[in-house]
Amino acid sequence: MNVDAALVELQKELDAMLDPLDVPRSWSDRELNAYEEKRALLRQRVNTLSNEGPLLLSLETQLREATVWKDRLVEWQGKLQKELESLPRHQHQTHSQNLLLSIGVVLGSKKRPEDYAYMIETLRLGALMRLSGFTESAARSGEVMGRLPWLGSLGEVENRIKDLTPRRDTAKRRIDEALLTDADREGRAKEDKKRLDALRALPQKKTRGDGSVYLKFPNGEIRELPAS
């Protein structure tokens, strides 16, 4: 079941519950407490899906866009580096400078193209971006050309992915928890209890004052361990 469909069903279930003033007086305290715990859990699940659903969608979109951009940067860097390495020694210095500045932009170098009378759009990087399908925006007043979309250097986009990934994972985990059915929760509780009982059944290793070591089991049984 997707998030939207689950949200609708949970809200219907919540709306169908009795108002606290309409709860039968014949109910025991145990029944009343269980009913209110169920209401609180439903509200929590509805709130989680309402808040985390759009957040997860936004984070996944941002993460997908950042990953695509990173792949583009790596592709362009590889092409630029290959062109630079294959450049003949007698090639004009301006050409090599263009390539070096282009690589610098990809890697986030402190050397800015503007300091050398370049723009991304006039660099070899700009040409590669156009070949990849990117287009300039309309030129603003006072500008001779529009700007190509730039989403950050390789380091910047890697940091963005590093930041977005755990946030996406947390939102997804919360949603998965909210989507669990009552049967799922009951099964998980049983498994948790089973694991806890298994841990409690394990003996504890203890050491006496004389240095001898033994295992003490939960039922009081003592099992001596050989001296090391």
Side-chain angles (χ1 to χ4, degrees), residues 1-74 133 149-206 215-221:
M1 182 180 294
N2 61 40
V3 172
D4 291 337
L7 183 57
V8 170
E9 292 302 317
L10 288 173
Q11 188 63 58
K12 284 182 180 179
E13 187 176 355
L14 180 60
D15 293 341
M17 294 191 72
L18 294 173
D19 185 277
L21 296 177
D22 296 328
V23 172
R25 294 179 179 272
S26 60
W27 283 13
S28 66
D29 289 343
R30 186 186 299 275
E31 290 173 321
L32 180 59
N33 289 339
Y35 197 74
E36 290 307 318
E37 286 176 3
K38 179 179 180 181
R39 190 197 309 276
L41 179 58
L42 280 172
R43 283 176 175 164
Q44 179 184 356
R45 294 170 68 188
V46 167
N47 289 336
T48 297
L49 295 182
S50 297
N51 297 326
E52 301 294 332
L55 175 61
L56 178 61
L57 182 61
S58 173
L59 291 172
E60 286 182 334
T61 299
Q62 294 178 62
L63 193 54
R64 183 167 53 252
E65 291 176 347
T67 302
V68 170
W69 180 253
K70 177 186 174 182
D71 291 342
R72 290 289 194 186
L73 291 176
V74 171
W150 185 252
L151 304 181
S153 67
L154 190 57
E156 290 170 335
V157 74
E158 286 175 341
N159 286 335
R160 192 152 65 243
I161 291 173
K162 186 177 180 180
D163 172 68
L164 289 170
T165 299
R167 292 170 58 194
R168 185 275 314 274
D169 293 344
T170 298
K172 188 176 185 304
R173 184 170 62 253
R174 289 173 177 167
I175 288 175
D176 289 342
E177 175 71 24
L179 290 175
L180 288 175
T181 64
D182 291 342
D184 292 333
R185 294 173 189 280
E186 183 178 351
R188 175 181 286 188
K190 289 181 179 179
E191 288 297 321
D192 289 344
K193 184 178 184 304
K194 185 177 179 181
R195 283 192 293 269
L196 182 59
D197 290 343
L199 289 174
R200 287 173 175 170
L202 294 175
Q204 293 184 346
K205 186 176 181 180
K206 295 180 176 291
L215 294 178
K216 183 176 181 179
F217 289 81
N219 62 3
E221 177 189 351

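Between Arg195 and Asp192 a salt bridge is recorded (basic side-chain N to carboxylate O distance below 4.0 Å). A salt bridge links Lys193 to Asp197: one of the charged nitrogens lies within less than 4.0 Å of a carboxylate oxygen. Ionic pairing of Arg160 and Glu156 is not present here: no N-O contact between side-chain nitrogen and carboxylate oxygen is shorter than 4.0 angstrom.
By the side-chain contact (heavy atoms from CB on, under 4.5 Å) test, Glu221 is found to be paired with Phe217, Asn219, Arg223, residues two or more places apart in sequence or in another chain being considered. Listed by chain and residue number, Trp27, Ser28 satisfy the side-chain contact (heavy atoms from CB on, under 4.5 Å) test with Glu31 (two or more places apart in sequence, or in another chain). Every side-chain contact (heavy atoms from CB on, under 4.5 Å) that Asp163 has, sequence neighbours left out, goes to Arg167.
Asp169 has its side chain out of reach of Lys172: every pair of non-hydrogen atoms, C-beta onward, lies at least 4.5 Å apart. Considering only heavy atoms from C-beta on, Arg185 comes within 4.5 Å of Leu41 through its side chain. In this structure, Lys190 and Lys194 have side chains that are not in contact, with every pair of non-hydrogen atoms separated by 4.5 Å or more. Looking at Leu215 and Gln204, their side chains never come closer than 4.5 Å, going by heavy atoms from C-beta outward.
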Pairs of donor and acceptor atoms involving the side chains of residues 48-58, under 3.5 Å and at least two apart or interchain, shall be tabulated with distances.
from	atom 1	to	atom 2	distance (Å)
Thr48	OG1	Gln44	O	2.9
Ser50	OG	Val46	O	2.8
Asn51	ND2	Asn47	O	3.1
Glu52	OE2	Arg174	NH1	3.3
Ser58	OG	Gln62	NE2	3.0

Using residues 11-24 as the side-chain source, report each donor-acceptor pair under 3.5 Å to any protein atom, sequence neighbours left out, with the distance given to one decimal.
from	atom 1	to	atom 2	distance (Å)
Gln11	NE2	Asp15	OD1	2.9
Asp19	OD1	Leu21	N	2.8

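Counting all heavy atoms, side chain and backbone alike, Ser153 lies closest to Leu73 at C-CD1, 3.6 Å. Nearest heavy-atom pair across Pro218 and Ala201 is CD-O, 3.6 Å. Taking each heavy atom of Ala6 and Leu179 in turn, the nearest pair found is CB-CD2, 3.3 Å.
No more than 12 heavy atoms of other residues, nucleotides or ligands lie within 6.0 Å of CG in Asp29, so this atom counts as exposed by the packing criterion.
Note that CD of Glu9 and CG of Asp4 are 12.0 Å apart. Values are rounded to the nearest 0.5 Å. Once rounded to the nearest 0.5 Å, the distance linking CZ of Arg45 with CG of Leu42 reads 6.0 Å. Rounded to the nearest 0.5 Å, atoms CD (Glu158) and NZ (Lys70) are 4.5 Å apart. We find the CZ-CG distance between Arg72 and Leu151 to be 11.5 Å, quoted to the nearest 0.5 Å.
Annotation: ring-ring contact (aromatic ring centres under 6.0 Å, His included) contacts involving residues 49-73, sequence neighbours excluded, comprise Trp69-Trp76, Trp69-Phe134, Trp69-Trp150.
The main-chain N or O of Leu180 is never found under 3.5 Å from a side-chain atom of Arg188 such that the two would form a donor-acceptor pair. Using modelled atom types, one side-chain atom of Asp184 and one backbone atom of Thr181 make a donor-acceptor pair closer than 3.5 Å.
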